[in-house]
Number of protein chains: 2
Amino acid sequence: MLSKKTKYGLKALTYLAKQEGNQPVQISAISKDENISRKFLESILLTLRKNGFLGSKKGKLGGYYLLKDPKDIKMSSVMRILEGPIAMVPCVSLNFYEKCDDCPDETACTVHNLMTEVRDSTLHIFNNTSLADLIK
Amino acid sequence: MLSKKTKYGLKALTYLAKQEGNQPVQISAISKDENISRKFLESILLTLRKNGFLGSKKGKLGGYYLLKDPKDIKMSSVMRILEGPIAMVPCVSLNFYEKCDDCPDETACTVHNLMTEVRDSTLHIFNNTSLADLIK
DNA sequence: CTTAATTCCTATTATTCCGATAGGATTTAA
DNA sequence: TTAAATCCTATCGGAATAATAGGAATTAAG
């Protein structure tokens, strides 16, 4: 299941990408238009900023804006920041790998092999979809 | 993330599919060989039985066995029983659909559209992989 | 007939994670 | 100087997950 954090984060990015120009947009505007809890959204935008997707302007008339061209924001990177691993099991994750406690031999594990296939196909989509593609 | 329930369930099905003949296999044997908590596995096998994948024999020398040919056990059906929806968001699920609270218009939702793509590709794999394919 | 070994069933507990909230510090435009 | 915004850290409640407990029912074998 996709967390609300990721879902809201994607909606916020979409919202910002649709803006004319690149003026700062206030949290409360996004929160209201997209029906997202204001405080929760605040924390999400903060992590997107800390990870280089967004810039912010403080104080009155402040807000958030995209730092990169939507064409250069790949879904795979957004997903990894907000959701964490793309793979369904840690032993299959490229960026968040963890060995399973059970399972002496990964290459012989049917679950591992099946989930590798799933990861590949999902990753293919996320690597080839940008924020710009979403708003087309 | 794949739940342990699903992971263990898949491992147990694999284990049973690898058996010679179709003699009942005891929970404790699977539990031991696959490093799965015995009681937890017990409840998983129970749901697999109640959903028509497994048969059981009670009493001494009892155990579980496959009811169908591994070729006829599709990953999509196993996943839906053990894990629930295959889609990452309920508004995209074919078998567990739920409308989002936010989001007035699904067809205009970028998250919805992206996740539909992901569901399609994942489902394609699960629909075209059987238990027999796993043990090849 | 008795015993041991097994599944069956329901309930309960422990733990973790998620979504949301709180409240004040800091910054800035007007 | 004030109002409006982001920044930051901490915390909380509830839901879901993983696991455990304990006994009832069933059956093979001696």
Side-chain angles (χ1 to χ4, degrees), chain A residues 1-12 16 23-32 34-67 81-85 88-90 96 98 100-102, chain B residues 1-12 16 23-32 34-51 53-67 79 81-85 88-90 96 98 100-102:
Chain A
M1 276 292 150
L2 197 73
S3 67
K4 302 232 166 175
K5 183 176 167 188
T6 304
K7 182 183 170 193
Y8 294 162
L10 284 172
K11 284 194 167 194
L16 291 173
Q23 293 306 306
V25 177
Q26 295 153 16
I27 296 173
S28 51
I30 308 178
S31 151
K32 196 176 150 211
E34 299 289 340
N35 301 304
I36 303 172
S37 148
R38 181 171 163 314
K39 275 297 202 178
F40 192 23
L41 181 59
E42 194 177 317
S43 70
I44 296 167
L45 296 180
L46 212 51
T47 67
L48 285 172
R49 196 211 57 181
K50 287 182 178 169
N51 283 281
F53 293 97
L54 302 180
S56 69
K57 194 184 170 198
K58 288 194 209 171
K60 201 166 184 176
L61 298 193
Y64 286 93
Y65 50 91
L66 287 180
L67 278 182
I81 295 301
L82 295 176
E83 189 74 9
M88 293 184 82
V89 281
F96 300 83
E98 274 178 58
C100 296
D101 294 335
D102 53 315
Chain B
M1 276 292 149
L2 198 72
S3 67
K4 302 231 168 176
K5 182 177 166 188
T6 304
K7 182 182 170 194
Y8 294 162
L10 284 171
K11 283 194 168 193
L16 291 173
Q23 293 305 306
V25 177
Q26 295 152 17
I27 296 173
S28 52
I30 308 178
S31 151
K32 196 175 151 210
E34 298 289 338
N35 300 304
I36 303 172
S37 147
R38 179 169 163 318
K39 277 295 201 178
F40 192 23
L41 180 59
E42 195 177 315
S43 70
I44 296 167
L45 296 181
L46 213 51
T47 66
L48 286 173
R49 195 211 57 182
K50 287 182 178 172
N51 283 281
F53 293 96
L54 302 181
S56 69
K57 193 184 169 196
K58 289 193 208 171
K60 201 166 185 175
L61 298 194
Y64 286 92
Y65 51 91
L66 288 180
L67 277 182
M79 290 296 295
I81 294 301
L82 295 177
E83 190 73 8
M88 293 184 83
V89 280
F96 299 83
E98 274 179 57
C100 296
D101 295 335
D102 54 316

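Keep in mind it's a predicted model, so treat the numbers as computed, not measured. Chain naming here is simple, since letters A, B, ... match the order of the sequence lines and numbering starts at 1 in each.
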Which nucleotide span of DNA chain D, 5' end to 3' end, has atoms closer than 4.0 Å to non-hydrogen atoms of chain B?
D:dA18 to D:dA29
Going by the rule side-chain hydrogen bond (donor to acceptor under 3.5 Å, both in side chains), which residues pair with B:K11 if we only count those two or more places apart in sequence or in a different chain?
A:D102
Can you pull out the residues from residues 2-9 of chain A that lie within a 4.0 Å heavy-atom distance of DNA chain C?
A:S3, A:K4, A:K5, A:Y8
For B:T6, check side-chain hydrogen bond (donor to acceptor under 3.5 Å, both in side chains) against everything at least two apart and list the hits.
B:S3, B:E83
Starting at atom CD of B:Q26, determine the distance to atom C1' of C:dT7, rounded to an integer number of angstrom.
10 Å
DNA chain C contacts among residues 35-53 of chain A, heavy-atom distance under 4.0 Å
A:S37, A:K39, A:F40
Could you give the distance from CG (B:D101) to CD1 (A:I36), rounded to the nearest 0.5 Å?
12.5 Å
I want to check something: taking the side chain as every heavy atom from C-beta on, are A:I27 and A:Y64 in contact at a cut-off of under 4.5 Å?
yes
Is there side-chain contact between B:E34 and B:L41, with heavy atoms separated by less than 4.5 Å?
no
C:dT26 C1' sits how many Å from A:K57 NZ, rounded?
16 Å
Do the non-hydrogen side-chain atoms of B:M1 and A:P90 ever get within less than 4.5 Å of each other?
yes
Residues in salt bridge (charged side-chain N to carboxylate O under 4.0 Å, His left out) contact with A:K39, at least two apart in sequence or another chain
A:E42
Name the atoms and distances for all side-chain donor-acceptor pairs under 3.5 Å in residues 48-60 of chain A, with sequence neighbours left out.
residue: A:N51; atom: ND2; partner: A:T47; partner atom: O; Å: 2.8

Please name all residues satisfying ring-ring contact (aromatic ring centres under 6.0 Å, His included) with B:F40, sequence neighbours left out, ordered by chain then number.
B:Y8
Report the residue (A:L61 or A:K58) whose heavy-atom-nearest nucleotide on DNA chain C is the more 5′ of the two.
A:K58
Sub-4.5 Å side-chain heavy-atom contact between A:S31 and A:Q26:
no
